[in-house]
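These numbers come from the heavy atoms of this one structure, side chains and all, not from hydrogens, waters or symmetry mates. Since the model is a prediction, treat every value here as computed from it, not as a measurement. Chain A is the first sequence line, chain B the second, and so forth, proteins listed ahead of strands; every chain is numbered from 1.
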Number of protein chains: 2
Amino acid sequence: MEKVQLTIGEVAALAQDSLERHGCDNDNAAAVANVIARAERDGCHSHGLMRLPGYVAALDSGKVNGKARPEVEALAPALLRVQGDGGFAPLALQIGRDHLIEVTQKTGIAAMSLVNIHHFAALWGEIEPIAEAGLCAMACVSYKPAVIPAGGSKALYGTNPMAFGWPRKNAPPVVFDQASAVMARGEVMLAAREGKSLPDGVGVDAKGAATNDPDEVLKGALLAFGGYKGSSIAMMVELLAGALIGESLSVEAAVRDNNDGGPPRGGEFMLAMDPNLFGDADGWAERGEKLFGEILAQDGVRLPGDKRYLNRQESEKNGINITRENYDKILAL
Amino acid sequence: MEKVQLTIGEVAALAQDSLERHGCDNDNAAAVANVIARAERDGCHSHGLMRLPGYVAALDSGKVNGKARPEVEALAPALLRVQGDGGFAPLALQIGRDHLIEVTQKTGIAAMSLVNIHHFAALWGEIEPIAEAGLCAMACVSYKPAVIPAGGSKALYGTNPMAFGWPRKNAPPVVFDQASAVMARGEVMLAAREGKSLPDGVGVDAKGAATNDPDEVLKGALLAFGGYKGSSIAMMVELLAGALIGESLSVEAAVRDNNDGGPPRGGEFMLAMDPNLFGDADGWAERGEKLFGEILAQDGVRLPGDKRYLNRQESEKNGINITRENYDKILAL
């Protein structure tokens, strides 16, 4: 298959140009393009250029405001809210981030909610800059129903990822970002395309019966990881990124959505903590390193996010390869 | 098997008496006894009277201070720390709780760390009163190594439970409390006693090889729930309840512990949020109910904690049954 080699900057420029042609202003387009380019850079192709047609569709249908002006408000001494003005999440996150960091460095812990946004990206990219600023951070977001509650038969929860980041003094932060679904929908689609059957416990068909057939799972729903425990986490994400902050549950987001292929309107929940204020300013980083040392001392174990950092080094040296077919598709946008 | 029927108050009195005979003062004994009685009441026998010999052993060996005077300090506007004075966790939690609630109602979100405590109870009992006060809460605690990091072969993480609670206006809160291990050690012991084999993916033997033999798993280690995702959560718990707050990792707690059968010294991490301050004071509770309604509309699904509430009603009506054998064991303490 013919490949096109692009630098990270070229990926961003390509995305920015498409977004502006479809109605984004410069700030909104730049924020989304940056998210897409960083995903490609880190080998997270499922959240890279592959998403551009979805972003564009949501602009074309008028569902998303490409000229959104997100605004930050203080709700309480340790609570911030970003009103997303109906735009894509990246600009709202970018505008909120510095405020969240500043408040956290005063109060020790702070939460930031984002409402009236359209979220279509990976959470690790949102946690990373907060952890790079020396804070411990957590985030979660819901979507549209895709995962059944444990014991049930019908999709109710979104894939509902939750991410966590830990700052390190002489290394990039440790960040994990994991869906509440046992397997990403993209992986199920891949299995379907390759004619492979799924392992037990991945999903159910449209009638709620367990199946190993990826085509049937795509018509049905996914299970939560780890049975009822992952299901509890998916429930927690609905409560935090929906009920708590005054935004939609996944099931509400789906009802409102126009199904144009782009992200529905929803909310996001984030919190940050300043480890320097927890009373062991000298010890926390050292103890984190002790844990990571113990983890890496075992054969076959790696730290969450390590693969992303390896991909990043590789992309920064050698650029990003995409297929000619995908490249042409993007240009056609 | 002959049974002895006790009221909840009688269970508490029995526990309190034993604890005082072994060196607890009234306040410490009452706090621990209350935790034990509430566990028995809610059908959580693994954290009820069964733990009393462990509490007593830790007093007898001098590891735990039965006359601890926990003290609360403000570390930052939204951060509290309870110095546990080497005692059992319940009194430290009881003393910290009202402060945490009060601060959270001002700042919107607050964290409380507990250090120099010995934790031997279930987290749901600690989340519940905070959620009953109208706050959303989260807690986690580590222990001694019992769970291997995903891909590895040696126990590194504690069973590392994480709990979450959501307040409701006309019902008891929804609280989940789940270990990072795929199965509790107590359940593995039960399978061993009954000569049953374990399902795949529960544990490994002392050499780190997968096994279905519960006896071998007891000499080896448990796996995290849901593979690498549960393992990430176990890692997060080590960082929050250890590194962040300046207390031990599970692996450090084990080195220091005298293995008297009681809980090692460690820390606990809690956070609370006031949903009334997140900008949708009218809507959050209603939206939570909407989610719970959707969950319960599916056959075979229940809310986390519902079984505990049913057990509670039953115990409050008919008392608690314990075997004559266990009753005599407690009296012998």
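- Contact of the B:L271 side chain with the A:L271 side chain is registered, since non-hydrogen atoms from C-beta on lie closer than 4.5 Å.
- Both the backbone and the side chain of A:A111 come within contact range of chain B, judged by heavy atoms closer than 4.5 Å.
- The environment of CD in B:E73 is crowded: more than 12 heavy-atom neighbours from other residues, nucleotides or ligands sit within 6.0 Å.
- A 4.5 Å side-chain heavy-atom check between B:M235 and A:V174 finds at least one atom pair inside the cut-off.
- Using a 4.5 Å heavy-atom cutoff, the side chains of A:L240 and B:C136 are in contact.
- Counting heavy-atom pairs closer than 4.5 Å to chain A, the top-ranked of the candidates B:G152, B:S232, B:S250, B:P149 is B:S232.
- The candidate from A:R302, A:Q178, A:M162 with the greatest count of non-hydrogen atom pairs under 4.5 Å with chain B is A:Q178.
- Of all heavy-atom pairs between B:A243 and A:G288, the closest is CB-N, 3.9 Å.
- Evaluation of the side chain to side chain contact (heavy atoms under 4.5 Å, CB included) rule for B:V115 yields B:R81, B:Q83, B:I245, B:E247 as partners, not counting sequence neighbours.
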*Starting from the C-alpha separation in whole Å, work towards a yes-or-no answer on side chain to side chain contact (heavy atoms under 4.5 Å, CB included) for A:V251 and B:L291.*
CA-CA 9 Å; A:V251 72; B:L291 180 67; 5.8 Å; no
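- Here the side chains of A:I233 and B:I233 are in contact, with some heavy-atom distance below 4.5 Å.
- Counting heavy atoms of neighbouring residues, nucleotides and ligands inside a 6.0 Å radius, atom CD of A:E132 exceeds 12 of them.
- When B:A297, B:S248, B:G283, B:A285 are compared by the number of non-hydrogen pairs under 4.5 Å with chain A, B:S248 comes out ahead.
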*Applying ring-ring contact (aromatic ring centres under 6.0 Å, His included), run through B:Y228 and A:F176 and close with a yes or a no.*
CA-CA 10 Å; B:Y228 74 91; A:F176 73 74; 9.4 Å; no
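- For B:E286, the CD atom counts as loosely surrounded, since its 6.0 Å shell holds 12 or fewer non-hydrogen atoms of other residues, nucleotides or ligands.
- Side-chain contact between B:L244 and A:F278 is present, with at least one heavy-atom pair separated by less than 4.5 Å.
- Only the side chain of B:P304 comes within less than 4.5 Å of a heavy atom in chain A; its backbone stays farther off.
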*Begin with the C-alpha distance, continue with both residues' side-chain angles, and end with the deciding distance and a verdict on side chain to side chain contact (heavy atoms under 4.5 Å, CB included) for B:E294 and A:E252.*
CA-CA 11 Å; B:E294 294 276 354; A:E252 295 172 315; over 6 Å; no
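- Between chain B and the residues A:N276, A:L277, A:T107, the most heavy-atom pairs under 4.5 angstrom are made by A:T107.
- Within a 6.0 Å sphere centred on CZ of B:R168, other residues, nucleotides and ligands contribute more than 12 heavy atoms.
- Interface check for chain A: of the options B:L249, B:D299, B:L75, the most heavy-atom pairs under 4.5 Å are formed by B:L249.
- Of the residues considered (A:V301, A:D274, A:L80, A:D280), A:V301 shows the highest number of contacts with chain B, using heavy-atom pairs under 4.5 Å.
- Between chain B and the residues A:I148, A:T104, A:L156, A:L303, the most heavy-atom pairs under 4.5 angstrom are made by A:L156.
- Counting heavy-atom pairs closer than 4.5 Å to chain B, the top residue among A:D282, A:I109, A:V182 is A:I109.
- Side-chain contact between B:F292 and A:L239 is present, with at least one heavy-atom pair separated by less than 4.5 Å.
- The closest side-chain heavy-atom distance from A:Q298 to B:S153 is below 4.5 Å.
- Checking side-chain atoms of A:K229 against main-chain N and O of B:A179 turns up a donor-acceptor pair under 3.5 Å.
- A:Y157 is listed as a side-chain neighbour of B:I295, based on a closest heavy-atom distance under 4.5 Å.
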